[in-house]
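What follows is a set of notes on a single structure, which appears directly below.
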2 protein chains.
Amino acid sequence: MPAESELNTGVLLFLPYRALENRVFAALAEAGFDDFTPAQARVMQRIGPNGTRLTELAEQAQITKQTAGFLVDQLEKAGYVTRIPDPTDKRARLVCGARKAWEAKEVADGVVAEVEKEWEEHLGKRRMKQLREALTLLREITDPWA
Amino acid sequence: MPAESELNTGVLLFLPYRALENRVFAALAEAGFDDFTPAQARVMQRIGPNGTRLTELAEQAQITKQTAGFLVDQLEKAGYVTRIPDPTDKRARLVCGARKAWEAKEVADGVVAEVEKEWEEHLGKRRMKQLREALTLLREITDPWA
DNA sequence: GACAGTAGTCAGAGGCTCTGACTACTTTGG
DNA sequence: CCAAAGTAGTCAGAGCCTCTGACTACTGTC
């Protein structure tokens, strides 16, 4: 499926997404958080404040639980997460973010806010609001966990 | 960087992008185009009508030329592309889409159109137009090849 | 014509992801 | 209660993707 003259909405969505991700990653590396990978980050991102089960992380990241387990292993070794037994189910464990993860999140959030501000300056307040509104609405039919 | 209550614009962009990509991939597999991978597709997508150099494909896909070469090798074996000498530079070769690639593109384009229609129905014509407008504008500051 | 730069390849290593098979535990239904 | 079915997670093995570093061949400049 080679290039076309008119850009489809998919590419249009992907371009700013990638630009943002690149910025966040560069900033995290700059701040010393250079010991995890994009794949690990995509899992870590989905850990809830009280911990999340491996299977749930896998589903939301759309990867197999084996892959999720592999990635969480790395994150655990690097000190970003810990695993504690799930009190409600002896088979399960809860993956919890460690202090290091929340510190990284603060850096990431800062960059996201910065980039969003740049976008708002470029688009204007009104169009930025429309963009977020449309995307939020779109989530209803594109996000299985909405 | 664990989960948060408010979704940032990055996630909001990613969700529909992934949904669209999943749909396109499923449809291609359904139509018999099941012998290439997402990574190969992301390179193939960037081949121009008159062929494109490996280095250029690599830059636009944001991968190294070694990786691009690896992926083009697979695509060539699977019959999606051919490589012809670049008449203007004896070092270079042009990667060209084969008939099979253009056929796959037709299927992909069909699905994209279908999904875009669904989105338009969900958002309404006005908001869909605003979405594309905002994204196109955003491309100016997020796409190095804009 | 020497030299700096560019197009592409080769070799090696590591990371990501999958399928299939398995253990341990939970839930369901008789 | 207990047997069967289902779920959480792990282990093993394979293949794909991606990178860094080093290299050849050619181009363009001075």
Side-chain angles (χ1 to χ4, degrees), chain A residues 14 18 21-22 25-26 28-29 33-48 50-78 80-96, chain B residues 14 18 21-22 25-26 28-29 33-48 50-78 80-96:
Chain A
F14 179 66
R18 184 175 59 181
E21 193 179 68
N22 286 164
F25 245 80
L28 282 167
F33 298 105
D34 56 354
D35 53 351
F36 65 89
T37 66
Q40 289 163 26
R42 282 191 285 272
V43 169
M44 189 159 38
Q45 221 174 2
R46 290 171 164 88
I47 298 172
N50 302 316
T52 306
R53 288 190 189 180
L54 190 63
T55 302
E56 201 180 331
L57 291 177
E59 278 175 2
Q60 295 198 17
Q62 292 195 10
I63 54 179
T64 61
K65 48 190 185 167
Q66 293 92 323
T67 300
F70 174 82
L71 296 170
V72 170
D73 283 347
Q74 325 284 318
L75 288 169
E76 198 171 20
K77 273 178 208 150
Y80 285 100
V81 309
T82 56
R83 290 198 247 214
I84 62 170
D86 184 333
T88 72
D89 190 333
K90 278 183 192 161
R91 290 168 304 179
R93 286 191 287 169
L94 294 172
V95 179
C96 300
Chain B
F14 179 66
R18 184 175 60 180
E21 193 179 65
N22 286 163
F25 246 80
L28 283 167
F33 298 105
D34 56 355
D35 53 350
F36 64 89
T37 66
Q40 289 163 28
R42 282 191 284 272
V43 168
M44 190 161 34
Q45 219 173 7
R46 290 171 164 87
I47 298 172
N50 302 315
T52 306
R53 290 189 187 180
L54 189 64
T55 302
E56 202 180 331
L57 291 177
E59 279 175 1
Q60 294 197 19
Q62 294 195 9
I63 53 178
T64 60
K65 49 188 186 169
Q66 292 93 322
T67 300
F70 174 82
L71 295 170
V72 169
D73 283 347
Q74 325 284 317
L75 288 168
E76 197 170 22
K77 273 176 209 153
Y80 286 100
V81 309
T82 56
R83 291 198 246 214
I84 62 169
D86 184 332
T88 71
D89 189 334
K90 279 182 192 163
R91 291 167 302 179
R93 286 191 288 170
L94 294 172
V95 179
C96 300

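All figures in this text were calculated on a predicted structure; none of them were measured in a lab. Proteins come first, then strands; the chains are lettered A, B, ... in the order of their sequence lines, and each starts at number 1.
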Selected nucleotide, minimal atom distance to A:A92 side chain, candidates C:dC18, C:dA7, D:dA8:
D:dA8
Using a strict 4.0 Å threshold on nitrogen-to-oxygen distance, state whether A:R42 and A:E21 make a salt bridge.
yes
Ring centres of B:F36 and B:F25 under 6.0 Å apart?
yes
Calculate the interatomic distance between A:F25 atom CZ and D:dC19 atom P; express it in whole Å.
13 Å
Could you state the atom-to-atom distance from CD of B:E56 to P of C:dG8 in whole Å?
10 Å
B:R42 CZ to C:dC16 C1', straight-line distance once rounded to whole Å
12 Å
Quick one, A:Q66 and A:F70 - any side-chain contact, counting heavy atoms below 4.5 Å?
no
Base, sugar-phosphate or nothing for A:T67? Non-hydrogen atoms, less than 4.0 Å.
base
Against the side chain of A:T64, the closest entry in D:dA8, C:dT19, C:dT9 is C:dT19
Among C:dC16, C:dC18, C:dA7, which is the nearest nucleotide to the side chain of A:I63?
C:dC18
To the side chain of B:L71, which of D:dG9, C:dT26, D:dT18 is closest?
D:dT18
Let's test your reading of the model: under 3.5 Å, does the base of D:dT27 pair with the side chain of B:R91 as donor and acceptor?
no
Could you tell me whether A:D89 contacts a base, only the sugar-phosphate backbone, or nothing, with contacts defined as non-hydrogen atoms closer than 4.0 Å?
sugar-phosphate
Of the nucleotides C:dC25, C:dC16, D:dT10, which has the atom closest to the A:Q40 side chain?
C:dC16
When you check the phosphate oxygens OP1 and OP2 of D:dC17, does a side-chain N or O of B:T37 lie under 4.0 Å from one of them?
yes
Closer to the 5' end of DNA chain C via nearest nucleotide, is it B:D73 or A:T88?
B:D73
Protein-nucleotide distance (A:L54, atom CG; D:dT10, atom C1'), rounded to Å
10 Å
Just so I know, are the side chains of A:T52 and A:Q60 near enough to count as touching, which here means a heavy-atom distance under 4.5 Å?
no
Phosphate contact (C:dT9 OP1 or OP2) by B:R93 side-chain N/O below 4.0 Å
yes
Are any of the side-chain nitrogens in A:D35 or A:K77 under 4.0 Å away from the carboxylate oxygens of its partner?
no
Nucleotide nearest A:R83 (side chain, heavy atoms from C-beta), chosen from D:dA8, D:dC16, D:dT10:
D:dT10
In whole angstrom, what separates B:Q66's CD from C:dG14's P?
17 Å
Please tell me which of the listed nucleotides, D:dC19, D:dA8, D:dC16, lies nearest to the side chain of B:F70?
D:dC16
What is the distance from NZ of B:K65 to P of D:dC17, rounded to the nearest Å?
21 Å
Rounded distance (Å) that lies between atom P of C:dT9 and atom NZ of B:K90
18 Å
State, yes or no, whether a side-chain contact exists between A:V43 and A:V95 at a heavy-atom distance under 4.5 Å.
no
In whole angstrom, what separates A:L94's CG from D:dG9's P?
8 Å
